[in-house]
2 protein chains.
Amino acid sequence: MKKVTIADVAQHAGVSKSTVSQYLNQRFDYMGEQTKARIEEAIAALEYSPNIVARSLKQKSTTTIGVIVANILHVFSTHVIRAIEDVCNEHNFHVIICNADDQPEKEKKYIEMLRAKQVDGIIAVPTGGNVALYQDLVKKNFPIVFMDRLIHGVEIDTVLLDNEKASFLAVEALVKQGYSQIAMISPFLDPNITPREERINGYKKALEQHQIPLEERYIVPSAISEMQESIGRMMQLPNPPNAIIAVNDRVLKQVLTYVKNQQMRIPEEIAVIGIDDVPYADIFSPSLTTVAQPAFKMGEKAANLLFEKMQNKERSNQAQIYRFEPELIARESC
Amino acid sequence: MKKVTIADVAQHAGVSKSTVSQYLNQRFDYMGEQTKARIEEAIAALEYSPNIVARSLKQKSTTTIGVIVANILHVFSTHVIRAIEDVCNEHNFHVIICNADDQPEKEKKYIEMLRAKQVDGIIAVPTGGNVALYQDLVKKNFPIVFMDRLIHGVEIDTVLLDNEKASFLAVEALVKQGYSQIAMISPFLDPNITPREERINGYKKALEQHQIPLEERYIVPSAISEMQESIGRMMQLPNPPNAIIAVNDRVLKQVLTYVKNQQMRIPEEIAVIGIDDVPYADIFSPSLTTVAQPAFKMGEKAANLLFEKMQNKERSNQAQIYRFEPELIARESC
DNA sequence: CTGAAAGCGCTTACAG
DNA sequence: CTGAAAGCGCTTACAG
């Protein structure tokens with residue numbers, strides 16, 4: 001089952017490889033009609049399909065990009081990847097998916113492998129643990145775009161949510177309904193995981209703006225695995241909150257689990273609002289008010305930015321930050 | 001910013017390209033210690049990393065596979081892809097992701113592009129619309145594994161759920177709780193979409209086994225967009241069902257939407273059970289009884305099968321079908 | 001309008 | 001123990 005190559009086509013058509021190559025690359029400027037027809041016929045007869053690896057070697061482009069996410073199981077990643085894939089498909093590019101699991105070593109391995117495979121560009125949700133590598137990439141002017149997390153001191157364009165705004169919207173929605181004992185539940189803080197940090201900052205600023213004194217014990221960062229206990233302790237405070245903001249979708253689930261186990265009523269006994277829309281928001285009882293991020297648009301933007309970079313390879317002066325607007329989806333949980 | 005090649009390393013180390021190549025490929029059998037050290041040093045000094053595209057051209061292996069799913073936004077795809085990616089990562093392989101959106105033309109384009117890019121194998125949830133192409137692939141002995149859907153007349157190993165068993169488990173759970181007016185809601189049937197077909201067959205067989213007469217009007221296949229109306233009509237029957245099986249997770253959402261809008265109580269007024277576990281099953285009130293499929297294990301199996309095929313390229317005699325066991329997760333909705 | 005030749009960056013028999 | 005040469009399957013100046 002020997003593969004048919006351009007040489008076979010050339011021979012079959014009675015022309016040179018060069019001419020077949022011209023044909024393949026649509027350089028018809030000076031090509032005789034008959035030559036064209038003969039090549040066409042030969043390609044069909046032999047069922048020839050060009051070997052893109054060989055082409056890539058010569059042209060120094062693989063028409064493939066790499067996408068490194070934290071974990072493809074997260075809903076956000078899923079939307080982002082789908083958007084990227086759609087843009088790539090329009091350009092006849094392909095995308096290699098990698099899960100870094102927030103482990104810098106895994107991320108490093110993937111970045112190095114992707115580069116060795118000569119991908120034309122990379123979109124990543126960076127772990128933050130490989131600053132030297134990131135810097136090397138920009139030094140080499142390799143096309144790369146970051147998403148969701150801001151890595152300070154590295155000049156790479158980044159697409160992310162206006163996280164502070166997301167918290168503002170959440171706080172505002174709550175305040176409008178008359179709540180003022182507002183808690184914020186989050187996983188442990190990690191300086192590299194921008195969304196949590198910024199959302200908590202935004203929460204603090206929003207409270208201030210609404211002249212609500214900050215109650216530190218209403219901010220509960222804890223591991224997901226211990227979140228039931230942490231929420232429990234907070235609810236035992238002499239002055240427990242009457243509203244909770246979940247910093248992201250995984251936390252929301254924890255909050256809802258707690259509320260369910262305690263048989264509390266939403267929103268009468270406790271109002272709940274989540275940052276990140278969730279697929280079950282509408283069917284939940286009561287339906288859940290959330291602050292959605294335009295994940296699809298963000299993925300699209302990242303892909304478009306990357307294509308710009310891949311097209312005009314001149315070094316861009318400075319890293320841009322692209323903030324996307326969150327949107328309040330008012331439902332019944334507050 | 002010229003890329004450093006094996007020639008540069010050879011020169012720096014004062015040896016030939018061949019020797020460097022031996023080094024890279026761990027053929028140390030006869031290599032002098034000094035030579036080794038010099039090459040090592042040169043590689044470090046020049047920050048050399050081999051161009052895998054060039055290697056692929058020569059070795060006829062790209063250490064990359066393609067995965068074509070219907071849509072990465074589906075939870076099932078997400079699990080499958082994650083499992084495949086993990087297996088690939090162990091082998092230092094990469095995976096290119098494609099969304100065929102159930103469109104045979106898209107699928108065709110992807111398969112052809114992946115082959116042109118010389119991927120070493122493909123795992124696909126086939127649309128069913130490209131039988132000639134599939135057949136061509138097996139004729140050429142190209143490593144490929146199908147998932148989730150059975151394409152008749154094509155000798156390709158397929159990994160899927162024991163769908164009939166899934167329905168059996170659902171019916172059985174319902175019957176045990178005393179329900180006998182059991183409906184089955186499904187999207188439109190499509191002979192290429194195996195799960196729906198088999199689950200409905202399983203449902204019919206299970207009823208028979210439990211000696212429950214089949215009520216055709218309890219089987220409601222309709223577009224997701226019209227499902228509210230279809231369910232409504234069914235519930236208006238003189239003898240409406242008191243239990244509903246949702247054929248998959250997207251249908252479950254429709255059923256729950258209907259139930260919520262009608263303010264019916266689960267399970268008192270209507271029992272509900274879904275095939276496919278859903279992330280919100282536990283936090284829903286009441287929690288939702290589901291039949292889960294081991295998506296992760298299935299993806300793993302598909303990947304392992306593909307690696308076997310890629311390793312020993314001898315033609316396998318006949319296509320195998322690998323059925324995975326669904327599992328009832330009993331909760332409170334029936 | 002078309003072809004011969006060189007080259008992309010590797011690997012691999014083979015020679016010595 | 002190491003190197004020269006050929007080759008993987010393309011593309012691309014360049015010559016004619």
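Please read these numbers as outputs of a predicted model, since none were measured by experiment.
- For A:Lys109, the NZ atom counts as densely surrounded, since its 6.0 Å shell holds more than 12 non-hydrogen atoms of other residues, nucleotides or ligands.
- Atom-to-atom, CD1 of B:Ile6 to P of D:dG3 comes out at 12 Å; the value is rounded to the nearest Å.
- B:Thr35 comes within contact range of the sugar-phosphate backbone alone, with a heavy-atom separation under 4.0 Å but no base atom that close.
- The line from CG of A:Leu114 to CD of A:Glu112 is 10.5 Å long, rounded to the nearest 0.5 Å.
- Rounded to whole Å, the distance from CG on A:Leu24 to P on D:dT12 is 11 Å.
- Rounded to whole Å, atom P of D:dT2 lies 16 Å from atom CG of B:Asn25.
- Within a heavy-atom distance below 4.0 Å of DNA chain D, the residues of residues 12-21 of chain A found are A:Lys17, A:Ser18, A:Ser21.
- With no hydrogens or angles considered, no side-chain donor-acceptor pair links B:Ser56 and A:Lys117 at under 3.5 Å.
- Here the P atom of nucleotide D:dT2 and the OH atom of B:Tyr23 are 13 Å apart, to the nearest Å.
- Nearest-nucleotide positions on DNA chain D place B:Gln22 closer to the 5' end than the other of B:Gln22 and B:Leu57.
- Ionic pairing of A:Lys309 and A:Asp157 is present here: one or more N-O contacts between side-chain nitrogen and carboxylate oxygen are shorter than 4.0 angstrom.
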Secondary-structure notation, DNA chain C, from Watson-Crick and G-U pairs under 3.5 angstrom (| other strand): |||.||||||||.|||
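- The side-chain tip of B:Arg82 does not point at the ring of B:Phe296 from less than 6.0 angstrom away and within 45° of straight on.
- Interface residues of residues 36-51 of chain B facing DNA chain C, ordered by number: B:Tyr48, B:Pro50, B:Asn51; criterion, heavy-atom separation under 4.0 Å.
- When rounded to the nearest whole Å, the span between CZ of B:Arg115 and C1' of D:dG9 equals 16 Å.
- The NZ atom of B:Lys58 sits 5 Å away from the C1' atom of C:dT11 (whole-angstrom rounding).
- Checking the phosphate oxygens (OP1, OP2) of C:dT12, a side-chain nitrogen or oxygen of B:Gln59 falls inside 4.0 Å.
- Protein atom CD of A:Gln118 is 11 Å distant from nucleotide atom C1' of C:dC8, rounded to whole Å.
- Put simply, the side chain of B:Asp120 never gets that close to the backbone of B:Ser61: no donor and acceptor are under 3.5 Å apart.
- Considering CG of B:Asn89 and CG of A:Asn99, their distance stands at 8.5 Å, rounded to 0.5 Å.
- Contact check on A:Asp102 versus A:Arg149 returns a salt bridge, with a Lys/Arg side-chain nitrogen under 4.0 Å from an Asp/Glu carboxylate oxygen.
- Judged by distance alone, the side chains of A:Thr127 and A:Glu107 do bring a donor and an acceptor atom under 3.5 Å apart.
- Considering only side-chain N and O atoms, B:Lys60 lies under 4.0 angstrom from the phosphate OP1 or OP2 of D:dG9.
- Aromatic ring pairs are classed by plane angle as parallel below 30°, tilted from 30° to 60° and perpendicular above 60°; the pair B:His91 and B:Phe307 is parallel.
- Rounding to whole angstrom units, CD of residue B:Gln11 and C1' of D:dG3 are separated by 15 Å.
- For CD of A:Gln11, the number of neighbouring non-hydrogen atoms (other residues, nucleotides, ligands) closer than 6.0 Å is 12 at most.
- Judged purely by distance below 3.5 Å, without hydrogens or angles, the side chains of B:Ser16 and B:Thr19 pair a donor atom with an acceptor atom.
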